[in-house]
Protein chains: 2
Amino acid sequence: MTAARESVSTAAVVDTALTLFAERGYHGTALSQIAEVLQVRTPSLYNHMRSKHELLETIIGDTVRGVLDDFREATANRGDPLDRLYHAVLVYSRRHATHRREAIVVNRDTSSLDEPTRSQMQALRREHEHAIRSIIGDGVAAGRFSVDSPALASFAIREMCVSIARWYQDGGPITPEQVSREYTEFALSIVGAGRM
Amino acid sequence: MTAARESVSTAAVVDTALTLFAERGYHGTALSQIAEVLQVRTPSLYNHMRSKHELLETIIGDTVRGVLDDFREATANRGDPLDRLYHAVLVYSRRHATHRREAIVVNRDTSSLDEPTRSQMQALRREHEHAIRSIIGDGVAAGRFSVDSPALASFAIREMCVSIARWYQDGGPITPEQVSREYTEFALSIVGAGRM
DNA sequence: CATACTAGCTAACGCTCATAAGTTTGCCGT
DNA sequence: ACGGCAAACTTATGAGCGTTAGCTAGTATG
(Lines give C-alpha, C1' and ligand atoms only; values in the text may rest on other atoms or scores of the structure.)
Protein backbone atom coordinates (compact mmCIF):
# COMPACT_ATOMS: atom_id res chain seq x y z
CA MET A 1 0.00 0.00 0.00
CA THR A 2 1.21 3.48 -0.81
CA ALA A 3 0.40 6.24 1.62
CA ALA A 4 2.64 9.26 1.43
CA ARG A 5 3.53 11.00 4.62
CA GLU A 6 1.90 14.36 3.95
CA SER A 7 -0.41 14.16 0.99
CA VAL A 8 -2.50 17.14 2.15
CA SER A 9 -1.53 20.30 4.01
CA THR A 10 -3.66 22.64 6.09
CA ALA A 11 -3.10 25.33 3.49
CA ALA A 12 -4.40 23.02 0.77
CA VAL A 13 -7.59 22.37 2.73
CA VAL A 14 -8.21 26.07 3.24
CA ASP A 15 -7.45 26.79 -0.41
CA THR A 16 -9.83 24.12 -1.67
CA ALA A 17 -12.52 25.25 0.74
CA LEU A 18 -12.02 28.79 -0.54
CA THR A 19 -12.57 27.70 -4.12
CA LEU A 20 -15.67 25.65 -3.37
CA PHE A 21 -17.20 28.13 -0.92
CA ALA A 22 -16.79 30.83 -3.59
CA GLU A 23 -18.41 28.62 -6.21
CA ARG A 24 -21.35 27.15 -4.29
CA GLY A 25 -21.50 29.01 -0.99
CA TYR A 26 -20.69 27.79 2.51
CA HIS A 27 -23.97 25.94 3.05
CA GLY A 28 -23.89 24.64 -0.51
CA THR A 29 -20.49 23.01 -0.04
CA ALA A 30 -20.10 19.63 1.67
CA LEU A 31 -16.89 18.55 3.35
CA SER A 32 -17.08 15.47 1.15
CA GLN A 33 -16.64 17.71 -1.88
CA ILE A 34 -13.54 19.32 -0.42
CA ALA A 35 -12.19 15.87 0.39
CA GLU A 36 -12.92 14.65 -3.12
CA VAL A 37 -10.89 17.45 -4.71
CA LEU A 38 -7.99 16.62 -2.40
CA GLN A 39 -8.40 12.91 -3.15
CA VAL A 40 -8.87 12.03 0.49
CA ARG A 41 -11.72 10.58 2.57
CA THR A 42 -13.86 13.10 4.41
CA PRO A 43 -12.78 12.37 8.01
CA SER A 44 -9.13 12.86 7.07
CA LEU A 45 -9.82 16.56 6.77
CA TYR A 46 -10.07 16.68 10.54
CA ASN A 47 -6.31 16.17 10.75
CA HIS A 48 -5.99 19.70 9.33
CA MET A 49 -8.90 21.63 10.79
CA ARG A 50 -11.14 21.67 13.84
CA SER A 51 -14.48 22.04 12.05
CA LYS A 52 -16.12 23.25 8.88
CA HIS A 53 -17.10 26.40 10.68
CA GLU A 54 -13.52 27.16 11.66
CA LEU A 55 -12.62 27.01 7.99
CA LEU A 56 -15.08 29.79 7.25
CA GLU A 57 -13.90 31.87 10.20
CA THR A 58 -10.29 31.57 9.06
CA ILE A 59 -11.08 32.60 5.51
CA ILE A 60 -13.26 35.55 6.42
CA GLY A 61 -11.09 36.72 9.31
CA ASP A 62 -7.87 36.71 7.31
CA THR A 63 -9.53 38.49 4.39
CA VAL A 64 -11.22 41.22 6.38
CA ARG A 65 -8.07 41.94 8.36
CA GLY A 66 -6.10 42.01 5.11
CA VAL A 67 -8.41 44.63 3.67
CA LEU A 68 -7.91 46.90 6.66
CA ASP A 69 -4.14 46.40 6.61
CA ASP A 70 -4.08 47.27 2.92
CA PHE A 71 -6.09 50.40 3.56
CA ARG A 72 -3.93 51.59 6.45
CA GLU A 73 -0.73 51.04 4.55
CA ALA A 74 -2.07 52.79 1.46
CA THR A 75 -3.31 55.88 3.31
CA ALA A 76 -0.56 56.22 5.90
CA ASN A 77 1.43 59.43 5.59
CA ARG A 78 -1.05 60.94 3.17
CA GLY A 79 -3.05 64.01 4.18
CA ASP A 80 -4.71 65.17 1.00
CA PRO A 81 -8.24 63.70 0.67
CA LEU A 82 -7.85 63.17 -3.05
CA ASP A 83 -4.53 61.43 -2.52
CA ARG A 84 -5.98 59.30 0.27
CA LEU A 85 -9.08 58.31 -1.69
CA TYR A 86 -7.02 57.58 -4.78
CA HIS A 87 -4.77 55.11 -3.01
CA ALA A 88 -7.53 53.61 -0.89
CA VAL A 89 -9.55 52.76 -3.98
CA LEU A 90 -6.48 51.62 -5.86
CA VAL A 91 -5.58 48.90 -3.35
CA TYR A 92 -9.19 47.98 -2.65
CA SER A 93 -10.06 47.45 -6.29
CA ARG A 94 -6.82 45.65 -7.04
CA ARG A 95 -7.41 43.29 -4.13
CA HIS A 96 -10.75 42.30 -5.61
CA ALA A 97 -9.11 41.35 -8.89
CA THR A 98 -6.32 39.39 -7.21
CA HIS A 99 -8.37 37.82 -4.38
CA ARG A 100 -11.64 37.06 -6.07
CA ARG A 101 -12.61 33.96 -4.12
CA GLU A 102 -12.01 35.58 -0.75
CA ALA A 103 -14.16 38.57 -1.68
CA ILE A 104 -17.03 36.41 -2.86
CA VAL A 105 -17.02 34.32 0.31
CA VAL A 106 -16.84 37.35 2.60
CA ASN A 107 -19.73 39.04 0.86
CA ARG A 108 -21.91 36.00 0.61
CA ASP A 109 -21.24 34.05 3.78
CA THR A 110 -20.33 36.47 6.56
CA SER A 111 -23.95 36.10 7.62
CA SER A 112 -23.35 32.39 8.13
CA LEU A 113 -20.82 33.02 10.91
CA ASP A 114 -22.20 32.72 14.39
CA GLU A 115 -21.82 35.16 17.20
CA PRO A 116 -19.69 36.75 18.35
CA THR A 117 -17.45 36.32 15.31
CA ARG A 118 -20.13 37.59 12.97
CA SER A 119 -20.48 40.91 14.78
CA GLN A 120 -16.72 41.29 15.01
CA MET A 121 -16.30 40.83 11.28
CA GLN A 122 -19.12 43.21 10.49
CA ALA A 123 -17.52 45.78 12.79
CA LEU A 124 -14.25 45.51 10.88
CA ARG A 125 -16.01 45.92 7.55
CA ARG A 126 -17.87 48.91 8.91
CA GLU A 127 -14.57 50.40 10.00
CA HIS A 128 -13.36 50.37 6.40
CA GLU A 129 -16.65 51.78 5.23
CA HIS A 130 -16.51 54.68 7.66
CA ALA A 131 -12.88 55.37 6.84
CA ILE A 132 -13.75 55.81 3.17
CA ARG A 133 -16.74 57.89 4.09
CA SER A 134 -14.59 60.16 6.25
CA ILE A 135 -12.14 60.75 3.44
CA ILE A 136 -14.99 61.79 1.18
CA GLY A 137 -16.44 63.98 3.90
CA ASP A 138 -13.06 65.65 4.38
CA GLY A 139 -12.75 66.21 0.65
CA VAL A 140 -16.17 67.83 0.49
CA ALA A 141 -15.39 70.03 3.50
CA ALA A 142 -12.16 71.11 1.84
CA GLY A 143 -14.01 71.94 -1.36
CA ARG A 144 -12.06 69.34 -3.30
CA PHE A 145 -14.96 66.93 -3.85
CA SER A 146 -18.51 67.65 -4.90
CA VAL A 147 -21.05 65.11 -3.80
CA ASP A 148 -24.42 65.37 -2.04
CA SER A 149 -24.05 62.42 0.30
CA PRO A 150 -20.64 61.06 1.32
CA ALA A 151 -22.39 57.98 2.69
CA LEU A 152 -24.02 57.10 -0.62
CA ALA A 153 -20.83 57.82 -2.54
CA SER A 154 -18.88 55.60 -0.16
CA PHE A 155 -21.33 52.73 -0.61
CA ALA A 156 -21.30 53.12 -4.37
CA ILE A 157 -17.51 53.20 -4.63
CA ARG A 158 -16.91 50.30 -2.30
CA GLU A 159 -19.50 47.99 -3.82
CA MET A 160 -18.38 48.85 -7.32
CA CYS A 161 -14.93 47.60 -6.34
CA VAL A 162 -16.24 44.52 -4.59
CA SER A 163 -18.09 43.47 -7.68
CA ILE A 164 -14.85 43.20 -9.64
CA ALA A 165 -14.53 39.82 -7.99
CA ARG A 166 -17.68 38.71 -9.79
CA TRP A 167 -16.63 39.38 -13.38
CA TYR A 168 -12.84 39.56 -13.47
CA GLN A 169 -11.20 36.68 -15.34
CA ASP A 170 -7.89 35.56 -13.94
CA GLY A 171 -6.26 34.52 -17.18
CA GLY A 172 -7.90 37.27 -19.21
CA PRO A 173 -6.26 40.01 -21.25
CA ILE A 174 -6.79 42.73 -18.67
CA THR A 175 -4.44 43.01 -15.70
CA PRO A 176 -5.40 43.84 -12.12
CA GLU A 177 -3.43 47.06 -12.48
CA GLN A 178 -5.50 48.15 -15.47
CA VAL A 179 -8.74 47.37 -13.68
CA SER A 180 -7.77 49.16 -10.51
CA ARG A 181 -6.55 52.21 -12.40
CA GLU A 182 -9.81 52.48 -14.32
CA TYR A 183 -11.95 51.93 -11.25
CA THR A 184 -10.01 54.57 -9.37
CA GLU A 185 -10.95 57.00 -12.12
CA PHE A 186 -14.57 55.96 -11.73
CA ALA A 187 -14.36 56.62 -8.01
CA LEU A 188 -12.88 60.06 -8.46
CA SER A 189 -15.58 60.85 -11.01
CA ILE A 190 -18.25 59.85 -8.52
CA VAL A 191 -16.99 62.29 -5.90
CA GLY A 192 -16.62 64.96 -8.55
CA ALA A 193 -12.85 65.18 -8.36
CA GLY A 194 -12.28 64.66 -12.08
CA ARG A 195 -9.35 62.71 -13.44
CA MET A 196 -5.77 62.66 -12.26
CA MET B 1 -60.39 21.87 16.60
CA THR B 2 -60.00 25.12 14.70
CA ALA B 3 -58.63 25.00 11.18
CA ALA B 4 -59.52 27.89 8.93
CA ARG B 5 -60.19 27.17 5.32
CA GLU B 6 -57.25 29.04 3.76
CA SER B 7 -54.74 30.02 6.37
CA VAL B 8 -51.85 30.19 3.89
CA SER B 9 -51.73 31.26 0.27
CA THR B 10 -49.20 30.45 -2.43
CA ALA B 11 -48.17 34.10 -2.46
CA ALA B 12 -47.52 33.98 1.27
CA VAL B 13 -45.24 30.97 0.87
CA VAL B 14 -43.25 32.67 -1.88
CA ASP B 15 -43.05 35.87 0.14
CA THR B 16 -41.80 34.12 3.26
CA ALA B 17 -39.30 32.12 1.22
CA LEU B 18 -38.10 35.37 -0.30
CA THR B 19 -37.47 36.89 3.09
CA LEU B 20 -35.64 33.87 4.49
CA PHE B 21 -33.66 33.14 1.31
CA ALA B 22 -32.49 36.77 1.35
CA GLU B 23 -31.51 36.52 5.00
CA ARG B 24 -29.79 33.13 5.12
CA GLY B 25 -29.44 32.01 1.52
CA TYR B 26 -31.22 29.21 -0.31
CA HIS B 27 -29.11 26.38 1.11
CA GLY B 28 -29.13 28.02 4.53
CA THR B 29 -32.93 28.05 4.69
CA ALA B 30 -34.94 24.95 5.65
CA LEU B 31 -38.54 24.43 4.62
CA SER B 32 -39.29 23.94 8.30
CA GLN B 33 -38.26 27.56 8.91
CA ILE B 34 -40.63 28.80 6.23
CA ALA B 35 -43.38 26.66 7.73
CA GLU B 36 -42.67 27.98 11.20
CA VAL B 37 -43.08 31.60 10.10
CA LEU B 38 -46.40 30.70 8.49
CA GLN B 39 -47.44 28.73 11.59
CA VAL B 40 -47.95 25.57 9.63
CA ARG B 41 -46.34 22.09 9.59
CA THR B 42 -43.64 21.59 6.98
CA PRO B 43 -45.46 19.14 4.68
CA SER B 44 -48.42 21.52 4.39
CA LEU B 45 -46.25 23.76 2.23
CA TYR B 46 -46.58 21.19 -0.54
CA ASN B 47 -50.20 22.26 -0.99
CA HIS B 48 -48.82 25.53 -2.39
CA MET B 49 -45.65 24.55 -4.23
CA ARG B 50 -44.11 21.61 -6.06
CA SER B 51 -40.68 21.71 -4.43
CA LYS B 52 -38.20 23.94 -2.66
CA HIS B 53 -36.32 24.29 -5.90
CA GLU B 54 -39.39 25.51 -7.75
CA LEU B 55 -39.68 28.27 -5.15
CA LEU B 56 -36.20 29.50 -6.05
CA GLU B 57 -36.89 29.28 -9.77
CA THR B 58 -40.07 31.30 -9.39
CA ILE B 59 -38.37 34.02 -7.38
CA ILE B 60 -35.36 34.36 -9.64
CA GLY B 61 -37.29 34.00 -12.89
CA ASP B 62 -39.88 36.63 -11.99
CA THR B 63 -37.21 39.04 -10.80
CA VAL B 64 -34.88 38.72 -13.78
CA ARG B 65 -37.76 39.08 -16.22
CA GLY B 66 -38.98 42.10 -14.26
CA VAL B 67 -35.59 43.79 -14.60
CA LEU B 68 -35.63 43.37 -18.36
CA ASP B 69 -39.21 44.59 -18.65
CA ASP B 70 -38.32 47.65 -16.58
CA PHE B 71 -35.36 48.36 -18.81
CA ARG B 72 -37.29 48.00 -22.05
CA GLU B 73 -40.09 50.22 -20.86
CA ALA B 74 -37.66 52.86 -19.61
CA THR B 75 -35.62 53.05 -22.79
CA ALA B 76 -38.37 52.57 -25.35
CA ASN B 77 -38.83 55.58 -27.63
CA ARG B 78 -35.59 57.15 -26.49
CA GLY B 79 -32.71 57.57 -28.94
CA ASP B 80 -30.24 59.78 -27.16
CA PRO B 81 -27.59 57.68 -25.33
CA LEU B 82 -27.54 60.02 -22.34
CA ASP B 83 -31.31 59.92 -22.13
CA ARG B 84 -31.32 56.13 -22.45
CA LEU B 85 -28.61 55.61 -19.84
CA TYR B 86 -30.27 58.05 -17.47
CA HIS B 87 -33.56 56.24 -17.48
CA ALA B 88 -32.03 52.76 -17.53
CA VAL B 89 -30.05 53.52 -14.38
CA LEU B 90 -32.97 55.32 -12.79
CA VAL B 91 -35.28 52.31 -12.93
CA TYR B 92 -32.53 49.79 -12.18
CA SER B 93 -31.34 51.58 -9.05
CA ARG B 94 -34.86 52.28 -7.86
CA ARG B 95 -35.79 48.63 -8.26
CA HIS B 96 -32.94 47.67 -5.95
CA ALA B 97 -34.24 49.95 -3.25
CA THR B 98 -37.81 48.72 -3.61
CA HIS B 99 -37.10 45.03 -4.24
CA ARG B 100 -34.16 44.38 -1.94
CA ARG B 101 -34.88 40.75 -1.09
CA GLU B 102 -35.31 39.73 -4.71
CA ALA B 103 -32.02 41.34 -5.69
CA ILE B 104 -30.12 39.65 -2.88
CA VAL B 105 -31.49 36.22 -3.75
CA VAL B 106 -30.80 36.62 -7.47
CA ASN B 107 -27.22 37.68 -6.85
CA ARG B 108 -26.47 35.09 -4.24
CA ASP B 109 -28.38 32.02 -5.34
CA THR B 110 -28.64 32.01 -9.13
CA SER B 111 -25.71 29.60 -9.01
CA SER B 112 -27.86 27.19 -6.99
CA LEU B 113 -30.31 26.73 -9.84
CA ASP B 114 -29.77 23.64 -11.90
CA GLU B 115 -29.57 23.42 -15.63
CA PRO B 116 -31.04 24.48 -17.90
CA THR B 117 -32.73 27.16 -15.81
CA ARG B 118 -29.43 28.44 -14.53
CA SER B 119 -28.07 29.15 -18.01
CA GLN B 120 -31.33 30.73 -19.08
CA MET B 121 -31.28 33.14 -16.15
CA GLN B 122 -27.65 34.01 -16.72
CA ALA B 123 -28.43 34.68 -20.37
CA LEU B 124 -31.18 37.11 -19.38
CA ARG B 125 -28.88 38.91 -16.97
CA ARG B 126 -26.22 39.11 -19.64
CA GLU B 127 -28.79 40.61 -21.98
CA HIS B 128 -29.30 43.50 -19.58
CA GLU B 129 -25.56 43.85 -19.14
CA HIS B 130 -24.92 44.07 -22.86
CA ALA B 131 -27.79 46.49 -23.35
CA ILE B 132 -26.22 48.90 -20.86
CA ARG B 133 -22.84 48.36 -22.42
CA SER B 134 -24.23 49.18 -25.87
CA ILE B 135 -25.73 52.42 -24.66
CA ILE B 136 -22.37 53.46 -23.25
CA GLY B 137 -20.63 52.38 -26.46
CA ASP B 138 -23.09 54.45 -28.49
CA GLY B 139 -22.51 57.44 -26.25
CA VAL B 140 -18.76 57.18 -26.63
CA ALA B 141 -19.07 56.81 -30.42
CA ALA B 142 -21.25 59.89 -30.50
CA GLY B 143 -18.72 61.82 -28.45
CA ARG B 144 -21.21 62.31 -25.62
CA PHE B 145 -19.49 60.03 -23.12
CA SER B 146 -15.84 59.76 -22.25
CA VAL B 147 -14.75 56.42 -20.89
CA ASP B 148 -11.92 54.03 -21.76
CA SER B 149 -13.82 50.77 -21.53
CA PRO B 150 -17.62 50.63 -21.92
CA ALA B 151 -17.51 47.09 -20.54
CA LEU B 152 -15.85 48.12 -17.28
CA ALA B 153 -18.10 51.14 -16.93
CA SER B 154 -21.14 48.96 -17.47
CA PHE B 155 -20.02 46.51 -14.79
CA ALA B 156 -19.28 49.29 -12.35
CA ILE B 157 -22.60 51.03 -12.86
CA ARG B 158 -24.71 47.90 -12.67
CA GLU B 159 -23.06 46.46 -9.60
CA MET B 160 -23.12 49.81 -7.85
CA CYS B 161 -26.89 49.76 -8.30
CA VAL B 162 -27.25 46.13 -7.25
CA SER B 163 -25.49 46.85 -3.99
CA ILE B 164 -28.19 49.30 -2.96
CA ALA B 165 -30.13 46.22 -1.91
CA ARG B 166 -27.44 45.49 0.65
CA TRP B 167 -27.52 48.73 2.62
CA TYR B 168 -30.84 50.42 1.91
CA GLN B 169 -33.18 50.58 4.89
CA ASP B 170 -36.84 50.28 4.08
CA GLY B 171 -38.20 52.48 6.82
CA GLY B 172 -35.27 54.89 6.73
CA PRO B 173 -35.29 58.63 6.06
CA ILE B 174 -34.16 58.35 2.47
CA THR B 175 -36.65 57.46 -0.26
CA PRO B 176 -36.03 55.15 -3.24
CA GLU B 177 -36.45 58.19 -5.48
CA GLN B 178 -33.65 60.05 -3.71
CA VAL B 179 -31.33 57.06 -3.92
CA SER B 180 -32.00 56.42 -7.57
CA ARG B 181 -31.56 60.07 -8.47
CA GLU B 182 -28.21 60.23 -6.72
CA TYR B 183 -27.00 56.95 -8.20
CA THR B 184 -28.01 58.10 -11.64
CA GLU B 185 -25.73 61.08 -11.14
CA PHE B 186 -22.94 58.72 -10.13
CA ALA B 187 -23.48 56.70 -13.28
CA LEU B 188 -23.36 59.74 -15.53
CA SER B 189 -20.18 60.86 -13.77
CA ILE B 190 -18.59 57.48 -14.43
CA VAL B 191 -19.19 57.73 -18.16
CA GLY B 192 -17.99 61.32 -18.12
CA ALA B 193 -21.33 62.82 -19.05
CA GLY B 194 -21.41 65.26 -16.15
CA ARG B 195 -24.62 66.16 -14.32
CA MET B 196 -28.05 66.78 -15.74
C1' DC C 1 15.71 -1.80 15.98
C1' DA C 2 12.22 0.01 18.93
C1' DT C 3 9.20 4.06 19.89
C1' DA C 4 6.20 7.67 19.11
C1' DC C 5 3.88 10.40 16.10
C1' DT C 6 1.30 11.64 12.14
C1' DA C 7 -2.04 11.30 8.72
C1' DG C 8 -4.48 8.45 6.46
C1' DC C 9 -8.41 4.84 6.68
C1' DT C 10 -13.26 2.38 7.81
C1' DA C 11 -17.31 2.33 10.42
C1' DA C 12 -20.79 4.35 12.72
C1' DC C 13 -23.26 8.04 15.25
C1' DG C 14 -27.07 11.26 15.51
C1' DC C 15 -29.23 14.76 13.30
C1' DT C 16 -31.64 17.36 9.82
C1' DC C 17 -33.41 17.72 5.53
C1' DA C 18 -36.76 17.39 1.49
C1' DT C 19 -40.34 14.80 0.27
C1' DA C 20 -44.23 11.04 0.16
C1' DA C 21 -48.38 8.61 1.82
C1' DG C 22 -52.31 8.39 4.03
C1' DT C 23 -55.68 10.63 7.30
C1' DT C 24 -58.60 14.20 9.33
C1' DT C 25 -61.20 18.35 9.15
C1' DG C 26 -63.98 22.13 7.83
C1' DC C 27 -66.11 25.00 4.22
C1' DC C 28 -68.95 25.39 -0.23
C1' DG C 29 -72.12 24.24 -3.82
C1' DT C 30 -75.90 21.55 -4.93
C1' DA D 1 -78.33 18.14 4.54
C1' DC D 2 -74.82 16.10 2.38
C1' DG D 3 -70.96 14.96 -0.69
C1' DG D 4 -66.69 16.55 -2.33
C1' DC D 5 -62.80 19.16 -2.33
C1' DA D 6 -58.98 21.67 -0.40
C1' DA D 7 -55.78 22.29 2.91
C1' DA D 8 -54.30 21.12 6.94
C1' DC D 9 -52.46 17.20 9.83
C1' DT D 10 -49.43 12.90 11.47
C1' DT D 11 -46.20 9.66 10.38
C1' DA D 12 -42.53 7.79 7.87
C1' DT D 13 -38.62 7.22 4.54
C1' DG D 14 -34.26 7.61 2.72
C1' DA D 15 -30.51 10.41 1.75
C1' DG D 16 -26.90 13.38 3.16
C1' DC D 17 -24.71 16.02 6.45
C1' DG D 18 -20.84 17.07 10.07
C1' DT D 19 -18.45 14.73 13.35
C1' DT D 20 -16.36 10.97 16.51
C1' DA D 21 -13.96 6.69 17.54
C1' DG D 22 -10.88 3.38 16.78
C1' DC D 23 -7.56 1.25 13.69
C1' DT D 24 -3.47 0.94 10.42
C1' DA D 25 0.55 1.98 8.29
C1' DG D 26 4.18 4.56 7.05
C1' DT D 27 8.07 8.05 8.77
C1' DA D 28 11.30 10.16 11.70
C1' DT D 29 13.83 10.04 16.11
C1' DG D 30 16.66 7.97 19.48
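The chains referred to below are lettered A, B, ... by the order of the sequence lines, with proteins before strands, and numbering in each begins at 1. Note that this is a predicted model, so its numbers are computed, not measured.
Atom CD1 of Ile34(B) and atom C1' of dC17(C) are 12 Å apart (whole Å). Going from atom CG of Asn47(B) over to atom C1' of dG26(C) covers 14 Å, rounded to whole Å. The separation between Gln39(B) atom CD and dA7(D) atom C1' is 16 Å, rounded to whole Å. For the pair His27(B) NE2 and dA18(C) C1', the computed distance is 13 Å after rounding to whole Å. Distance CG (Leu20(B)) to P (dC17(C)): 13 Å, rounded to an integer number of Å. Summarising the geometry, the separation between CZ on Arg41(A) and C1' on dT6(C) is reported as 19 Å, rounded to the nearest angstrom.
Remark: Glu36(B) CD is loosely packed, at most 12 non-hydrogen atoms of other residues, nucleotides or ligands lying under 6.0 Å away.
Between the side chains of His96(A) and Arg166(A), not a single donor N or O lies within less than 3.5 Å of an accepting N or O. Side-chain atoms of Tyr26(B) and His53(B) include a donor-acceptor pair closer than 3.5 Å. Of the N and O atoms on the side chains of Thr19(A) and Arg101(A), at least one donor lies less than 3.5 Å from an acceptor on the other residue. Thr175(B) and Arg181(B) form no side-chain donor-acceptor contact under 3.5 Å, judged by distance and modelled atom types alone.
For the pair Ser44(A) and dC9(C), the criterion of a side-chain N or O lying under 4.0 Å from OP1 or OP2 is met.
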Where protein sits on nucleotides 11-24 of chain D, one letter per nucleotide: B base, S sugar-phosphate only, - none, heavy atoms under 4.0 Å: B-----SSBB----
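Contact detail for Val191(A) and Leu85(A): the closest heavy-atom pair is CG2-CD2, 3.8 Å.
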